[in-house]
Every structure is written in structure tokens, then in C-alpha cells.
Amino acid sequence: MTVTAPASSQPVVVSSSSAAPAGNRPAIVAVTTAGALVTLNQSDGAVSGTLVPGGVLGDEISVSPDGSTVYFAAGHGCTSQIESVPVSGGTPTVLGTGRLPAVSPDGHSVAFATEPTLTTACLTGQQIAASDYTLVIRNLTSGTQKVLSLPPQIGRSGLFPPISHLSWAADDVTLAVSTLAVQDNEGWGLYLVNSAAASYYVPPGPGVRIVPVTGAPDAQRSYLREGVFLPDGNLFVSRACCGGVPPHNTSRLMWEVAQDGALVHQVAIGYPNLDHVSLAADPSGNWLLYLAGHDLYVSHGGATPVRLGTGFVAAAWV
């Protein structure tokens with residue numbers, strides 16, 4: 001981010017404006033609630049083109065650093081596969097089984113998750129094991145892969161944290177791995193994984209660090225719902241309060257934080273009753289986007305986000 005504010009600055013309320021000044025805003029690709037991969041008009045967020053008519057999953061899509069190719073996951077019954085399609089349009093190419101693709105900043109690798117589809121229809125008669133949950137890093141030139149698994153301690157627990165979002169640091173080595181709660185709104189996590197040194201995608205183990213929750217309200221029971229890297233090494237996160245039973249959220253904060261969790265800049269106060277996901281930063285770090293429910297919000301230079309459109313389950317900058 002190039003614009004910051006002291007931690008004591010007044011909260012910024014998310015705007016309900018239906019459009020944002022386009023300025024020099026990068027283009028956006030998004031996935032609609034109907035599962036179509038589309039391009040959006042930069043001025044008003046309206047759909048300007050359709051790349052894939054259906055079957056595309058959220059909450060993550062990723063664009064190659066040269067802006068030419070979109071990577072996405074397509075659902076096929078109880079499985080999903082990573083595919084790519086030119087931003088200019090064309091026939092999708094299948095890479096393999098997985099979901100939540102994230103292309104590295106140098107364009108050489110794509111990281112993605114493999115994990116079961118946790119629906120009643122897909123789980124009936126199936127025995128879920130820790131080995132079903134992996135983080136795969138594939139070299140897009142050679143096709144070679146490195147696979148990170150769950151630590152044995154977690155495998156024996158029977159509670160397997162699914163990956164919910166992936167984001168590369170500018171070093172093309174470190175991945176921010178967001179995981180979902182495994183039980184009773186507890187277990188959310190944001191981890192920094194050194195893909196060269198780590199064997200697992202969550203701790204314990206070498207090469208994996210947790211990003212702690214800091215600040216108010218109730219830092220002890222708050223959690224980071226999702227986080228993505230900014231070009232300067234800081235993180236753009238969705239901070240929620242509070243974990244517990246029954247699940248209940250009273251606060252959603254969109255923050256820029258350091259890797260130790262310390263607040264750098266508050267981007268927005270979100271809506272407690274809506275999930276805030278599909279976070280993304282453009283390569284300059286000046287433009288941020290996220291979904292609040294199905295509404296797409298964008299922010300320039302850390303300023304008040306504005307609502308650009310609605311009806312989406314994923315979005316990314318081109």
C-alpha cells in the first residue's frame with residue numbers, strides 16, 4: 001500500500017455507493033453467483049463479457065502477471081479441476097484436479113488446494129482422511145509439483161482444516177494460506193508458508209508461521225477470516241470478531257497488517273452479518289477489492305471502499 005494512516009485514525013465506514021470513479025483502476029474479472037466467469041466494465045462494474053458461461057467456483061480466481069490468462073476452478077460433480085482461459089476469450093485448458101488457484105508473481109507457478117467437497121451428497125459413504133487435504137505447487141513450464149500436507153498431529157485429531165484462500169508474496173516463495181474453521185466457529189487461521197522449506201501447510205513444522213490477531217475488539221477470540229499479500233510484504237486481511245459457540249459475529253474489519261499482525265491501516269469497517277472474502281490487491285498495491293456477501297467493493301490507496309456491483313462469488317484484478 002502506498003497510503004497509510006495511523007492506527008488511531010477514525011474507522012472508515014464502507015460506502016453504499018453503487019459506483020466508483022474508474023480513474024486508472026485496473027480491469028476486473030469475476031465469477032457470478034450463477035457460476036459464469038466474466039469481465040467487468042471498469043466504470044460501473046457491469047458485466048462486459050463472458051469467458052466461461054457456467055460451472056466456475058469461488059472464492060478465488062487468479063490472473064497471470066502479464067494479464068493474459070485467468071486461472072479458475074470448475075466444479076464437476078463432487079470434484080473440481082483447475083482450468084485456465086485467455087482474458088481475451090477462448091477455450092479453457094485443464095491443468096488437473098484442485099481448487100483455489102493462485103499464480104505466482106513471476107508467472108512460473110500456480111498453487112492450489114485439493115480437498116473433498118463437503119456436501120452431504122458428496123460425503124455420503126465416503127471416509128475422509130487427512131491425506132485428502134493438500135496444498136499443491138505446480139511449475140507451469142515443467143509440470144513438476146511439490147505437495148504440502150497436514151502435520152501428523154492434525155491428521156490424528158480427525159479435524160482437518162480446509163484451505164479457503166491462497167496468496168503469493170512478491171518473493172515467489174512465501175504463500176499466505178487462509179484456512180476455515182473446523183468446528184464451532186473455531187480454528188480459523190492465516191499462515192505464512194515458506195514453500196521451499198515447509199512440508200506442511202499449517203503448523204506445527206518448519207517454514208510455517210501464524211499471523212496472530214491483534215488489536216480490538218477482543219483480540220483473544222477474534223480471528224482472521226482471510227488474508228492476501230500486498231507487494232510491500234504487508235497483508236490485507238478480513239478480521240472478524242468473535243469465535244465461539246454458537247457462531248456469532250459482531251465485527252468485521254478490513255485491515256492492512258504487518259506480518260506480525262500489527263495494524264498498519266484500517267481500510268474499512270465491514271458488515272458483521274456478511275462474510276468478507278475474495279480479497280485481492282493489484283500488482284501496484286494501490287487497488288484493493290473484496291466481496292461483502294455478494295457485493296464487490298474496491299478501494300484506491302487505502303481510501304474508503306465503494307460498492308462497484310453485486311452478484312459475485314469471486315473477483316480479481318487483471
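In this chain, numbering begins with 1 at the start of the sequence shown. What you see below is based on every heavy atom in this structure, not just the backbone, and it leaves out hydrogens, waters and symmetry mates.
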> Do L190 and V237 touch side chain to side chain, with heavy atoms closer than 4.5 Å?
Replying inline: yes
> Taking the six-membered ring for Trp, are Y297 and Y290 parallel (under 30°), tilted (30 to 60°) or perpendicular (over 60°)?
Replying inline: parallel
> Is the backbone of F112 close enough, under 3.5 Å, to the side chain of R138 for a donor and an acceptor to pair up by distance?
Replying inline: no
>> Between D282 and R25, does any side-chain N to carboxylate O distance fall below 4.0 Å?
In response: no
>> A side-chain contact here means heavy atoms from C-beta on lying under 4.5 Å apart; do L192 and V177 qualify?
In response: no
> For the side chain of H76 and the backbone of Q81, is there at least one donor-acceptor N/O pair under 3.5 Å apart?
Replying inline: no
>> Closer than 3.5 angstrom, by distance alone: can the side chain of N249 be matched with the main-chain N or O of S251 as a donor-acceptor pair?
In response: no
> Got Y223 and C242 here, is their nearest side-chain heavy-atom distance under 4.5 Å?
Replying inline: no
> Within a strict 4.5 Å, meaning less than it, do heavy atoms of the L37 and T32 side chains meet?
Replying inline: no
>> What I'd like to find out is whether the side chain of S238 reaches to under 4.5 Å of the side chain of V277, using heavy atoms alone.
In response: no
>> Looking at I163, is its backbone amide N or carbonyl O close enough to the side chain of T179 to form a donor-acceptor pair, meaning the two atoms are under 3.5 Å apart?
In response: no
Give the table of side-chain donor-acceptor pairs shorter than 3.5 Å for residues 51-59, with sequence neighbours excluded, one pair per line with atom names and distance.
from, atom 1, to, atom 2, distance (Å)
D59, OD1, H165, ND1, 3.0
D59, OD2, S278, N, 2.6

>> Listing request: all disulfide bond (SG atoms under 2.5 Å apart) pairs with a residue in residues 180-230, at least two apart in sequence or in separate chains.
In response: none
Run the side-chain donor-acceptor check on residues 146-156: report pairs under 3.5 Å with partners two or more places apart or on a different chain.
from, atom 1, to, atom 2, distance (Å)
K146, NZ, S195, O, 2.6
K146, NZ, A196, O, 3.4
K146, NZ, A198, O, 3.2

> Going by heavy atoms in the side chains, are L180 and W188 under 4.5 Å from each other?
Replying inline: yes
>> When you compare the side chain of D295 with that of F312, does any pair of heavy atoms fall below 4.5 Å?
In response: no
> Side-chain donor-acceptor pair under 3.5 Å between R209 and Q259, yes or no?
Replying inline: yes
>> Checking V267 against L288 for the side chain to side chain contact (heavy atoms under 4.5 Å, CB included) test, could you report, in this order, the C-alpha distance in whole Å, the side-chain angles of both residues, the deciding distance, and whether it holds?
In response: CA-CA 9 Å; V267 177; L288 305 176; 3.9 Å; yes
> Just checking, any donor-acceptor pair under 3.5 angstrom between side chains of S84 and T69?
Replying inline: no
> So, H276 and E226: side-chain donor and acceptor under 3.5 Å apart, yes or no?
Replying inline: no
>> Does T91 form a side chain to side chain contact (heavy atoms under 4.5 Å, CB included) with V85? I'd like the steps, not just the answer.
In response: CA-CA 6 Å; T91 302; V85 67; over 6 Å; no
> With side chains defined as the heavy atoms from C-beta onward, is the minimum distance between L296 and L40 less than 4.5 Å?
Replying inline: yes
> Of the options T134, D132, T79, which is the one that meets T114 in a side-chain hydrogen bond (donor to acceptor under 3.5 Å, both in side chains)?
Replying inline: T134
> When clusters are formed by joining ILVMFWY residues with side-chain heavy atoms under 4.5 Å apart, either directly or through shared neighbours, do F72 and I82 land in the same one?
Replying inline: no
>> Main chain of S109, side chain of S104: is a donor-acceptor contact present, judged purely on distance under 3.5 Å?
In response: yes
